[in-house]
Amino acid sequence: MRTTGALGGLLTGIVGILVPSARRYDWGISGTTSRPAGNSIRVEVTSSAGVTPLGTATPAANGTWRVTVSNSSIAPSSNPGAAARSAFCTVRTSPVVAQ
């Protein structure tokens with residue numbers, strides 16, 4: 001998905017299912033912003049419990065950012081997605097791919 005504004009470039013999301021029977025998951029959500037200075041990116045995902053905060057990232061000087069959560073009990077919904085919210089009030093969404 002192409003985006004513009006405070007969050008630009010691509011927003012991508014991947015959830016890796018470690019052991020489905022143990023209900024443990026690895027999440028990796030990344031993207032870029034055109035305004036890295038003074039910015040923070042808050043990521044929420046659609047989980048089996050509804051919209052769930054995943055974490056916050058501070059963009060690097062080149063605008064890239066990533067939120068990674070390993071061995072998590074946050075189970076993805078049947079059609080998982082992610083929303084990235086910048087400190088400058090821009091929101092971008094993306095589907096999340098289960099691997």
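As the structure is a prediction and not an experimental result, all values here were calculated from the model.
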So, taking the atom named CD in E44 and the one named CD1 in I29, what distance separates them when rounded to the nearest 0.5 Å? 11.5 Å
Closer than 3.5 angstrom, by distance alone: can the side chain of S86 be matched with the main-chain N or O of A84 as a donor-acceptor pair? no
Got a second to check how far W65's CH2 is from N39's CG, nearest 0.5 Å? 10.0 Å
Side-chain contact test, heavy atoms from C-beta onward, threshold under 4.5 Å: evaluate it for Y25 versus S73 and give yes or no. no
To the nearest 0.5 Å, what is the distance between OG1 on T93 and CZ on R85? 9.5 Å
Heavy atoms of A83 and V91 approach each other most closely as CB-CG1, 4.5 Å
Looking at every non-hydrogen atom in both residues, tell me the closest pair between V96 and G81 and how far apart they are. CG2-C, 3.5 Å
If you look at every heavy atom in F88 and G38, which pair is closest and at what distance? CZ-O, 4.0 Å
Could you list the donor-acceptor pairs under 3.5 angstrom formed between side-chain atoms of residues 53-62 and any protein atom two or more places apart in sequence or on another chain?
| residue | atom | partner | partner atom | Å |
| --- | --- | --- | --- | --- |
| N62 | OD1 | T64 | N | 3.1 |
| N62 | OD1 | T64 | OG1 | 2.9 |

dist T46:OG1 -> I74:CD1 (nearest 0.5 Å) comes out at 11.5 Å
If I compare all heavy atoms of A75 with all of W27, which pair ends up nearest, and what's the gap? C-CZ2, 4.2 Å
For T68, what residues pass the side-chain contact (heavy atoms from CB on, under 4.5 Å) criterion, not counting sequence neighbours? R66, S70
